[in-house]
K.L.:
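Once you've had a glance at the structure underneath, I'll fire off some questions.
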Amino acid sequence: MSETLAPVKPGRLIINGEAVEAASGATFTTVNPATEEPITTVAEAGAEDVDRAVRAARAALEGPWAKLKPIDRSRALWKLGDLVLAHADELARLETLDNGKPIFESRFVDIDMVARCFHYFSGWATKLTGDTTSVNPGWFTYTLREPVGVVGAIIPWNFPMIMVGWKVAPALAAGNTIVLKPAELTPLTAIRIAELALEAGIPPGVFNVVPGKGRIAGEALVRHPGVDKLSFTGSTEVGQHLMRTAAETLKKVTLELGGKSPNIVFADADLDAALRGATAGIFYGKGEVCAAGSRLLVEKPIHDEFVAKLAERAKKMQPSDPLDPKSRLGSLVSKAQLDKVMSYVETGVKEGAQLVAGGQRQPVNGKGAFMQATVLAGVDNRMRIAQEEIFGPVLSVIPFDGVDDAVAKANDVMYGLASGVWTRDLKKAHTVAKRLAAGTVWVNMYNFYDPGMPFGGVKGSGFGRDLGEACLQEYTQVKSVWLNLE
Ligand code: NAD
């Protein structure tokens, strides 16, 4: 792993296959939240740069990308998946430096998911077809499934490189080109993967990256008339703003927003498995996970014993240096995020919840945005800590009484992203899965993802799907062709 010690080179915009400075010359510094030290500088895109990137994406869409046979598009995407694996150590290190997540997660979970996205969607490039239809014997009617055009993708800081896989792989497989704006806190891996895309033979202009501020670079992408579709992952508030703004140019929009996902443990569950699932469901990724099982609903007969064991497990999860391969709880993404999460812990205690584990900041080597794995018990579903997305390692435990009460509490929230059910009773598992208002239900497992399974939300968690065959609907449009043979 000697390359992991190399200094990080400054990040630049990737426009039309070239690494360039911003037109204004502006740069920003990206900081390691675990050490509070600068990692490197990154070119900061403004509206002019976004315009250049969109024009490059348009030219590629109508030029080299459209001329490539689907099988060659497929090969290039597969190769990009291979290159991600070949650069696994380098990419994982960049991700951990930028985001503060344990290197174990970046290297062994995130890298694998990114590579699988490119490998999985490469297969779809040759399998997108239209239909022939029978409308009238004297006519020949058929549909063509075409790319939507130039995609603008805006992504958050919690899974920076996974989000590149989720957005770029299907968009390109379907023949679109893309301009991607990474989150300002975590721009490094998107830039590096765009460089690898060129190495993989993806033509210049097909995959552009414009790091910068949401309200400048992001806003410019949302307003640009040359962008046909927006794929956004981020907060509900920004998602709403984006949808209103995109209405002006009538862009196709998909939104993957926040969550407050219920993880429901019934008394008949395999309690050891449920305990592991509840812990990983909230503390994986420092709880900065849109699908985090942040509301743990526990059936009353097992409630007290379960909470005691949970608190014991949480206390054992000590924050540590994210670059240490043994670390399982890294640094939150920033001091600002840590302040926000800590203020929720205070709110919870004021609202009457009991702090049974954690609840404190815990710097590592005197620095960083680290905090303890935190469990708040005795939570009422109406409390703010049960209703609002905290986006940190904080679990709210809510007791319940039977199936109807579990479902009512689970659904009584503005979000509907994910959910978990722990039970040995198959009938109960399927019935509850059907009644939960969520885009994903995990039964006797939590926080699992695969490029072949769609992911997205209902209600305040947004609409449209990433991943799976379902997401290709979002990246294609249907054209009807009528031919008069008479
Ligand atoms: P955010 O909404 O603040 O930012 C997301 C992205 O939007 C960033 O790239 C940001 O620069 C950009 N942005 C901000 N303002 C903008 C504007 N006015 N116009 C255009 N772009 C703008 O969210 P965040 O703080 O980066 O990420 C955390 C949030 O993302 C959480 O709420 C989390 O639940 C959500 N999230 C959802 C999913 C999902 O799949 N549903 C996945 C990950 C994160």
Side-chain angles (χ1 to χ4, degrees), residues 28 30 33 42 44-47 50 98-99 101 110 113 152-167 179-187 189-190 209-224 227 230-246 248 251 253-261 284-294 332-334 336-338 340-341 344 388-392 413-418 438-440 447 449 453-468 471 474:
F28 63 100
T30 181
V42 178
E44 183 177 333
V50 169
D98 233 4
N99 168 281
K101 66 171 70 189
D110 297 4
M113 183 59 169
I154 299 179
I155 61 173
W157 42 255
N158 56 345
F159 288 96
M161 95 180 141
I162 281 189
M163 286 293 122
V164 172
W166 284 30
K167 306 290 186 198
V179 178
L180 179 130
K181 196 204 83 64
E184 41 276 67
L185 292 174
T186 53
T189 43
V209 182
V210 286
K213 294 198 174 78
R215 57 171 203 284
I216 298 173
E219 196 83 31
L221 199 54
V222 175
R223 291 188 185 279
H224 202 295
V227 173
L230 286 172
S231 178
F232 174 78
T233 297
S235 61
T236 301
E237 194 190 356
V238 174
Q240 286 170 324
H241 168 72
L242 189 144
M243 197 172 160
R244 278 192 292 268
T245 312
E248 286 163 26
K251 291 182 175 61
V253 174
T254 45
L255 302 175
E256 302 272 3
L257 309 174
K260 192 74 191 175
S261 301
Y284 184 84
K286 314 159 263 163
E288 293 168 337
V289 178
C290 52
S294 53
L332 301 203
V333 76
S334 66
Q337 184 66 12
L338 175 61
K340 183 185 148 202
V341 175
Y344 269 112
E388 297 176 23
E389 187 177 48
I390 298 176
F391 227 56
V413 69
M414 69 167 274
Y415 296 108
L417 191 59
T440 291
N447 248 343
Y449 306 86
M453 279 296 271
F455 184 82
V458 300
K459 304 196 297 185
S461 294
F463 51 82
R465 292 291 176 266
D466 278 318
L467 305 181
C471 86
E474 321 280 0

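Order of appearance sets the numbers: ligands from 1, and atoms from 1 within every ligand.
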K.L.:
Please determine whether the number of non-hydrogen atoms from other residues, nucleotides or ligands lying under 6.0 Å from atom CE of Met414 exceeds 12.
P.N.:
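Yes, enclosed.
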K.L.:
Pick one of side chain, backbone, both or neither for how Glu184 approaches ligand 1, counting any non-hydrogen atom pair under 4.0 Å.
P.N.:
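Just the side chain.
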K.L.:
At less than 4.0 angstrom from any non-hydrogen atom of Gly258, what atoms of ligand 1 do you find?
P.N.:
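Near Gly258, the atoms of ligand 1 are 34 (O).
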K.L.:
Can a donor-acceptor pair be found between the side chains of Asp98 and Thr30 at a distance below 3.5 Å?
P.N.:
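Note: Asp98 and Thr30 side chains meet the donor-acceptor criterion.
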K.L.:
For residues Val222 and Lys251, report the shortest heavy-atom separation together with the two atoms involved.
P.N.:
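Val222 and Lys251 have their closest heavy atoms at O-NZ, 2.9 Å.
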K.L.:
Can you tell which of Thr233, Leu185, Thr186 makes a side chain to side chain contact (heavy atoms under 4.5 Å, CB included) with Pro156?
P.N.:
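Exactly one candidate clears the test, Thr233.
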K.L.:
Give yes or no for whether the N/O distance cutoff of 3.5 Å, strictly under, is met between Leu257 and ligand 1.
P.N.:
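Among all N and O atoms of Leu257, at least one is under 3.5 Å from an N or O of ligand 1.
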K.L.:
Polar contacts were defined as any N/O atom of the residue lying under 3.5 Å from an N/O atom of the ligand; does this apply to Ile155 and ligand 1?
P.N.:
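Yes, at least one N or O pair falls under 3.5 Å.
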K.L.:
Where do Asp466 and Ser231 come nearest, in terms of heavy atoms and distance?
P.N.:
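Shortest heavy-atom contact: OD1-OG, 4.3 Å.
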K.L.:
Could you give the distance from CG (Leu221) to CD1 (Ile216), rounded to the nearest 0.5 Å?
P.N.:
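Here the interatomic distance stands at 13.5 Å.
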K.L.:
For Asn158 and ligand 1, does the shortest N/O to N/O distance drop below 3.5 Å?
P.N.:
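Checking ligand 1 against Asn158, no N or O pair falls under 3.5 Å apart.
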K.L.:
Heavy-atom contact under 4.0 Å between Phe455 and ligand 1?
P.N.:
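Heavy atoms of Phe455 do come under 4.0 Å of ligand 1.
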K.L.:
Could you check whether any side-chain heavy atom of Val227 comes within less than 4.5 Å of a side-chain heavy atom of Val179, counting everything from C-beta outward?
P.N.:
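In short, these two side chains do not touch, never coming nearer than 4.5 Å.
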K.L.:
Looking only at distance, does Lys181 have an N or O less than 3.5 Å from an N or O of ligand 1?
P.N.:
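Yes, there is a polar N/O contact under 3.5 Å.
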K.L.:
Would you mind checking which non-hydrogen protein atom is closest to atom 12 (C) of ligand 1, with the distance to 0.1 Å?
P.N.:
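The protein heavy atom lying closest is Ile154 CG2, 3.5 Å.
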K.L.:
Give the residue and atom name of whichever protein heavy atom lies nearest to atom 25 (O) of ligand 1, and the separation in Å to one decimal.
P.N.:
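Of the protein heavy atoms, Trp157 NE1, 2.9 Å lies nearest.
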K.L.:
Please give me the minimum heavy-atom distance between Phe455 and Ala291, naming the atom from each residue.
P.N.:
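Smallest interatomic distance, heavy atoms only, reads CZ-CB, 3.9 Å.
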K.L.:
Are any of the N/O atoms on Ser461, whether in the backbone or the side chain, positioned under 3.5 angstrom from an N/O atom of ligand 1?
P.N.:
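Min N/O separation from ligand 1 is not below 3.5 Å for Ser461.
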K.L.:
Just which atoms of ligand 1 are under 4.0 Å from any heavy atom in Ala183?
P.N.:
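Near Ala183, meaning under 4.0 Å from one of its heavy atoms, ligand 1 has 9 (O).
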K.L.:
Could you tell me the residue and atom name of the protein heavy atom closest to atom 15 (N) of ligand 1, and the distance to it rounded to 0.1 Å?
P.N.:
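Checking every protein heavy atom, the shortest distance to atom 15 (N) of ligand 1 gives Val238 CG1, 3.6 Å.
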K.L.:
Just going by heavy-atom distances, which of Gly214, Cys290, Gly218 is nearest to atom 42 (C) of ligand 1?
P.N.:
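It is Cys290 whose heavy atom sits nearest to atom 42 (C) of ligand 1.
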K.L.:
Which residue and non-hydrogen atom of the protein lie closest to atom 2 (O) of ligand 1, and at what distance in Å?
P.N.:
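Result: Ser235 OG, 2.6 Å.
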K.L.:
Could an N or O of ligand 1 be found under 3.5 Å from any N or O of Glu389, whether backbone or side chain?
P.N.:
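Yes; the residue has a nitrogen or oxygen that sits under 3.5 Å from a nitrogen or oxygen of the ligand.
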K.L.:
Closest heavy-atom contact between Arg465 and Glu474?
P.N.:
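Between these two residues, the closest heavy atoms are N-OE2, 3.0 Å.
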K.L.:
Would you say the side-chain atoms of Ser461 pair up with the backbone N or O of Gly258, donor to acceptor, closer than 3.5 Å?
P.N.:
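Checking the backbone N and O of Gly258 against the side chain of Ser461, a donor-acceptor pair under 3.5 Å is found.
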K.L.:
Donor-acceptor pair, distance only, cut-off 3.5 Å: does the side chain of Lys340 make one with the backbone of Gly392?
P.N.:
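Side chain of Lys340 to backbone of Gly392: no pair is present.
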K.L.:
For atom 35 (C) of ligand 1, state which one of Ala418, Gly234, Ser261, Gly462 supplies the nearest heavy atom.
P.N.:
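Going through Ala418, Gly234, Ser261, Gly462 one by one, Gly234 has the nearest heavy atom to atom 35 (C) of ligand 1.
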K.L.:
In the protein, what heavy atom is nearest to atom 27 (O) of ligand 1, and what distance, to one decimal place, separates them?
P.N.:
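Going by distance alone, atom 27 (O) of ligand 1 is nearest to Pro156 CB, 3.3 Å.
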K.L.:
Residue-level breakdown please: for Phe391 versus ligand 1, do any non-hydrogen atoms fall below 4.0 Å on the side chain, on the backbone, on both, or on neither?
P.N.:
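Under 4.0 Å from ligand 1, Phe391 contributes side-chain atoms alone.
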K.L.:
Parallel, tilted or perpendicular for Tyr449 and Trp166, by the 30°/60° rule?
P.N.:
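Answer is tilted, since the angle falls between 30° and 60°.
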K.L.:
Is the shortest N/O to N/O distance between Glu219 and ligand 1 below 3.5 Å?
P.N.:
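Checking ligand 1 against Glu219, an N or O pair does fall under 3.5 Å apart.
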K.L.:
Between Tyr415 and Glu389, is there a side-chain donor-acceptor contact under 3.5 Å, judged purely by atom types and distance?
P.N.:
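On atom types as modelled, these side chains do not qualify, holding no pair under 3.5 Å.
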K.L.:
Kindly state if atom 21 (N) of ligand 1 has a protein heavy atom within a strict 4.0 Å cut-off, that is, under 4.0 Å?
P.N.:
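There is a protein heavy atom less than 4.0 Å from atom 21 (N) of ligand 1.
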K.L.:
I'd like to check which ligand 1 atoms, numbered from 1 as shown, lie under 4.0 Å from a non-hydrogen atom of His241.
P.N.:
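Checking each atom against His241, I get 18 (N).
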K.L.:
Enumerate the atoms of ligand 1 whose separation from the nearest heavy atom of Thr233 is less than 4.0 angstrom.
P.N.:
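Taking each heavy atom of Thr233 in turn, ligand 1 has 5 (C), 36 (N), 37 (C), 38 (C), 39 (C), 40 (O), 42 (C), 43 (C), 44 (C) under 4.0 Å.
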